[in-house]
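In what follows, chains carry the letters A, B, and so on, assigned in the order in which the sequence lines appear, proteins first and then strands, with residues in each chain numbered from 1.
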Protein chains: 2
Amino acid sequence: MWRVEEIDRRIVTLLAGDGRMSFTDLARETGLSVSAVHQRVRRLEKRGVLRGYTSLVDYEAIGLPMTAFISIKPIDPSAPDDAPERLAHLTAIEACHSVAGDESYILKVRVSSPGGLEELLQQIRAAANVSTRTTVVLSTPYEHRFPALDEAEGSETLDQP
Amino acid sequence: MWRVEEIDRRIVTLLAGDGRMSFTDLARETGLSVSAVHQRVRRLEKRGVLRGYTSLVDYEAIGLPMTAFISIKPIDPSAPDDAPERLAHLTAIEACHSVAGDESYILKVRVSSPGGLEELLQQIRAAANVSTRTTVVLSTPYEHRFPALDEAEGSETLDQP
DNA sequence: AGTGAAAACTAGGCGAG
DNA sequence: CTCGCCTAGTTTTCACT
């Protein structure tokens, strides 16, 4: 009697929790056959609901112990705003969000040291002609959590053929 | 002649790019045997360098099209600061970073609508006794990128037996 | 959409260099 | 640390419902 979509949400949630979970395990958890889950996962991938898989990495262990948020604002507000493309080559930038508010973008960056952050800030200012405001992360109580999906959410979009 | 560590960095980078890559493929990409890669991956997992695997999800497709950053500040600065624990039950909060600066934490949240954001803000203020400052994300040019790891970074920490 | 079974491929353990 | 072999288990396709 529950909507079919329940199962897709369950699959997405399970894979968010363990991106390497086998189809066999997904099948057991969802009560479907292996081939049915397989088919659903492939369909979710094709539709872009599942956009890929990644490992969660300890940035401290790979020599990038420092995280910061950098808000940027164009120095010349009349110039075309192509900051994301201009900054894309800086691999220390993990994410770039266009935001409402005083500044135009928020960047999340990972660097090895204060010196590395200073250097990155100079590169950002030079590459995109922006002023910056930096907020250094001291610790991260949690990250990469996945929300509980209830039937109110996603039903319309996930339910299309 | 190159440091052995080169290979571990390569493995981490490959798994960051495709968290479901098979050991067979990892072996081919790194030039090692399957069992050698297998052993290295298990070691990286045990050391906590690889902390897990997850799927990348299109939040719009699952009915959570709205992302925001919420900075919070305690209303009573003399009270013990246990905001992360007090907020942990709110699954709309994807990440919680303790930060330097005017505010004490930055939260990243996913909601279904402005109404959902409003409700979440009330819950946050009530649960942690904080004031909030919200920055709504308009679009995300990129996210979840993984930095290029060069030999300068990570060598010390990754190189230990 | 779902199922079960066959074929191809992968994971994970073992002994050896 | 690395290799290659081996078996159990997983992925993927297919014909059928």
Side-chain angles (χ1 to χ4, degrees), chain A residues 1-57 61-62 149 151 154-161, chain B residues 1-58 61-63 149 151 154-161:
Chain A
M1 193 53 191
W2 15 260
R3 344 182 31 126
V4 179
E5 271 328 304
E6 169 70 20
I7 296 179
D8 280 334
R9 282 201 298 277
R10 182 127 184 76
I11 291 175
V12 169
T13 302
L14 286 164
L15 284 173
D18 176 7
R20 284 184 81 97
M21 183 175 282
S22 71
F23 290 100
T24 311
D25 287 345
L26 286 172
R28 188 159 20 73
E29 296 284 341
T30 54
L32 292 185
S33 70
V34 173
S35 21
V37 197
H38 187 265
Q39 194 176 338
R40 277 170 181 265
V41 170
R42 291 292 174 253
R43 197 181 48 206
L44 289 167
E45 288 172 350
K46 204 171 117 204
R47 285 186 187 162
V49 180
L50 290 169
R51 309 200 318 182
Y53 306 89
T54 188
S55 54
L56 299 176
V57 173
I62 59 172
L149 303 180
E151 58 260 43
S155 1
E156 337 79 32
T157 35
L158 238 82
D159 214 350
Q160 68 206 347
Chain B
M1 192 53 193
W2 14 261
R3 343 184 31 128
V4 179
E5 271 328 304
E6 168 71 20
I7 295 179
D8 280 335
R9 281 200 299 275
R10 183 129 182 75
I11 291 174
V12 169
T13 302
L14 285 164
L15 284 173
D18 176 6
R20 283 186 83 99
M21 184 174 281
S22 71
F23 291 97
T24 309
D25 287 345
L26 286 172
R28 186 156 20 72
E29 296 284 341
T30 54
L32 294 184
S33 72
V34 173
S35 24
V37 197
H38 188 268
Q39 195 174 331
R40 278 171 181 266
V41 170
R42 289 295 172 254
R43 197 180 49 205
L44 289 167
E45 287 173 347
K46 204 171 117 204
R47 284 186 188 161
V49 180
L50 290 170
R51 309 199 319 184
Y53 305 88
T54 188
S55 53
L56 299 176
V57 174
D58 180 346
I62 60 172
L149 303 179
E151 58 258 43
S155 2
E156 337 78 33
T157 32
L158 233 68
D159 214 350
Q160 68 207 346

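- Considering only side-chain atoms of B/Gln39, the nucleotide from D/dT2, D/dT12, D/dC3 that sits closest is D/dT2.
- A sub-4.0 Å separation between OP1 or OP2 of D/dT11 and a side-chain N or O of A/His38 is absent.
- Side chain of A/Arg20 to backbone of B/Met21: a donor-acceptor contact under 3.5 angstrom is found.
- Counting to the nearest Å, the C1' atom of C/dG4 and the CG atom of A/Leu32 are 14 Å from each other.
- Not one side-chain nitrogen or oxygen of B/Ser35 sits closer than 4.0 Å to the OP1 or OP2 atom of D/dG4.
- Residues B/Arg9 and A/Ile62 are not in side-chain contact: their nearest non-hydrogen atoms beyond the backbone lie 4.5 Å or more apart.
- Checking D/dT12, C/dG13, C/dG2 against every side-chain atom of A/Arg42, the shortest atom distance belongs to D/dT12.
- Rounding to whole angstrom units, CE of residue B/Met21 and P of C/dC9 are separated by 18 Å.
- A/Ser55 contributes no side-chain N or O that, together with a main-chain N or O of B/Gly19, makes up a donor-acceptor pair within less than 3.5 Å.
- For D/dT11, the OP1/OP2 oxygens have a side-chain nitrogen or oxygen of A/Thr24 closer than 4.0 Å.
- Atom P of nucleotide D/dT11 and atom CG of A/Leu15 are separated by 11 Å, given to the nearest angstrom.
- At whole-Å resolution of the value, CG in B/Leu26 and C1' in C/dA11 are 12 Å apart.
- Rounded to an integer number of Å, the gap from B/Phe23 CZ to D/dT11 C1' is 15 Å.
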May I have the step-by-step check of salt bridge (Lys or Arg N to Asp or Glu O under 4.0 Å) for A/Arg47 and B/Asp58, ending in yes or no?
CA-CA 10 Å; A/Arg47 285 186 187 162; B/Asp58 180 346; over 6 Å; no
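- Here C/dA1 presents its C1' atom at 12 Å from CZ of A/Arg47, a figure rounded to the nearest Å.
- Annotation for A/Val34 and A/Phe23: closest pair CG1-CB, 4.1 Å, computed over non-hydrogen atoms.
- Taking every side-chain heavy atom of B/Arg40 into account, D/dC1 is the closest of C/dA11, D/dC1, C/dG4.
- When the nucleotides D/dT12, D/dT2, C/dA11 are ranked by their closest atom to the side chain of A/Arg20, C/dA11 comes out on top.
- With D/dT11, C/dG4, D/dC3 as the choices, the nucleotide that has an atom nearest any side-chain atom of B/Ser33 turns out to be D/dC3.
- Comparing C/dA11, D/dT2, C/dA1 by their nearest atom to the side chain of A/Arg43 picks out C/dA1.
- At a threshold of 4.0 angstrom between heavy atoms, the contacts of A/Val34 include nucleobase atoms, whether or not backbone atoms are also involved.
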